[in-house]
Amino acid sequence: MAIVQLQNVHKVYTLGTTKVPAVRGVSFEIHKGDFVSITGPSGSGKSTILNLIGCIDQPTEGEVFVQGQKTSGLKDKQLTVLRHQTLGFIFQSFNLIPVLNVKENIEFPLLLGKTPMNHSAKEEWLQYLIEAVGLADHVKHKPSELSGGQRQRVAIARALVTKPQIVMADEPTANLDSKTGQAIMELMQKMNAELNTTFIFSTHDPGIVAMAHHVIQLLDGQVIDDHFVEAGPDTKGPSAVYNRKAVGQE
Ligand code: ADP
Ligand code: MG
């Protein structure tokens with residue numbers, strides 16, 4: 001079963017008397033454990049689509065399904081549960097809480113939701129995340145005492161702390177130098193491999209797109225390509241590219 005499915009989704013923004021068609025008839029499926037890049041030039045609808053999947057916004061027409069649930073049919077309470085327990089968002093601007101240190105920022109979402117974890121399991125999990133993002137030496141630092149790359153690492157750990165099934169990242173490397181960007185992507189790959197977390201990230205950087213297993217390309221609010229990249233058993237990089245439409249999997 002698809003973990004995310006969009007069916008003929010449209011999103012029209014109204015600016016005064018002007019209608020802006022940001023997304024125009026988009027359909028695709030994402031499966032559990034996918035490492036998906038949504039790519040396309042600026043203004044092609046990447047952020048809008050991530051916001052629709054993340055239930056931050058509602059489509060004007062069409063349906064979005066998350067874990068088989070039609071998001072438009074959910075009541076506020078069910079949406080809150082979905083946002084807290086299934087979805088994680090890595091925001092471009094990090095949105096860290098300045099007065100909290102690294103560990104407290106990462107732990108924060110656990111205080112909001114009802115993630116069942118006893119104290120020692122929680123401490124162990126926090127320790128795992130802090131080490132995974134390479135911040136074991138910085139647990140007591142406040143955001144103002146960290147570099148941009150380190151703040152982004154905190155934001156990633158915080159997005160993962162509730163063990164969401166799906167993590168969305170809107171241009172996660174856009175504000176970072178290429179070395180830090182690469183490290184952030186490798187961290188997301190590690191989480192994808194170790195925890196089978198589904199990652200959906202937007203980017204227009206070809207180097208980042210090349211790391212995805214599933215590429216959805218947008219232009220002017222429409223999907224112009226949707227393909228999987230499979231790594232062959234004897235190769236380190238992608239060895240076979242096939243188009244889902246071409247092999248009739250849609
Ligand atoms: P991308 O993330 O690929 O740059 P966006 O999804 O942000 O693209 O935007 C797609 C289109 O929708 C653009 O033309 C943009 O100007 C427009 N748009 C996005 N958000 C809004 C909004 N809140 N109000 C009006 N227009 C918007
Ligand atoms: Mg955007």
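Everything numeric here is computed off the predicted structure, so don't read it as measured data. Order of appearance sets the numbers: ligands from 1, and atoms from 1 within every ligand. Count residues from 1 along the sequence.
Remark: minimum distance from atom 5 (P) of ligand 1 to any protein heavy atom is reached at Thr48 OG1, 3.7 Å. Atom 4 (O) of ligand 1 has its closest protein heavy atom at Gly43 N, 2.7 Å. At the top of the distance list for atom 17 (C) of ligand 1, counting protein heavy atoms only, stands Val20 CG1, 3.9 Å. Among protein heavy atoms, the minimum distance from atom 12 (O) of ligand 1 is reached at Ala22 CB, 3.2 Å. Taking atom 7 (O) of ligand 1 as the reference point, the nearest protein heavy-atom neighbour is Ser47 CB, 3.7 Å. Regarding atom 8 (O) of ligand 1, its nearest protein heavy-atom neighbour is Gly45 N, 3.2 Å. Of all protein heavy atoms, the one lying nearest to atom 19 (C) of ligand 1 is Tyr13 CE1, 3.4 Å.
Separation of atoms NZ (Lys46) and CG (Asp170) is listed at 8.0 Å; rounding is to 0.5 Å.
Atoms of ligand 1 lying under 4.0 Å from any heavy atom of Pro41, numbered from 1 in the order shown and given with element: 3 (O). Proximity to Leu15 (heavy-atom distance under 4.0 Å) selects the following atoms of ligand 1: 25 (C). Atoms of ligand 1 lying under 4.0 Å from any heavy atom of Ser42, numbered from 1 in the order shown and given with element: 4 (O).
Here the side chain of Arg151 pairs a donor or acceptor atom with the backbone of Pro143 at under 3.5 angstrom. Using a distance-only test at 3.5 Å, with no hydrogens or angles considered, no donor-acceptor pair links the side chain of Lys70 to the main chain of Val64.
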**Request:** Give the C-alpha distance, both sets of side-chain angles, the deciding distance and a yes or no for side-chain hydrogen bond (donor to acceptor under 3.5 Å, both in side chains) between Ser72 and Gln58.
**Result:** CA-CA 7 Å; Ser72 65; Gln58 288 284 328; 5.1 Å; no
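Taking distance alone, with nitrogen or oxygen atoms compared against 3.5 Å, Glu171 stays at or beyond that limit from ligand 1.
The residue from Ile216, Val23, Ile49, Leu6 that alone fulfils the side chain to side chain contact (heavy atoms under 4.5 Å, CB included) condition with Val223 is Ile216.
Inside a 4.0 Å radius of atom 15 (C) of ligand 1 there is not any protein heavy atom.
Grouping Ile, Leu, Val, Met, Phe, Trp and Tyr residues whose side-chain heavy atoms lie under 4.5 Å apart, directly or via other members, places Val20 in a hydrophobic cluster with Tyr13, Leu15.
Within a 6.0 Å radius of CG in Asp76, other residues, nucleotides and ligands contribute 12 heavy atoms or fewer.
In this structure, the side chains of His204 and Pro41 stay at 4.5 Å or more apart for every pair of heavy atoms.
Checking Ser47 against the Mg ion (ligand 2), an N/O/S atom falls under the 2.8 Å cut-off.
Electrostatic pairing of Glu123 and Lys103 counts as a salt bridge here, judged by a charged N lying under 4.0 Å from a carboxylate O.
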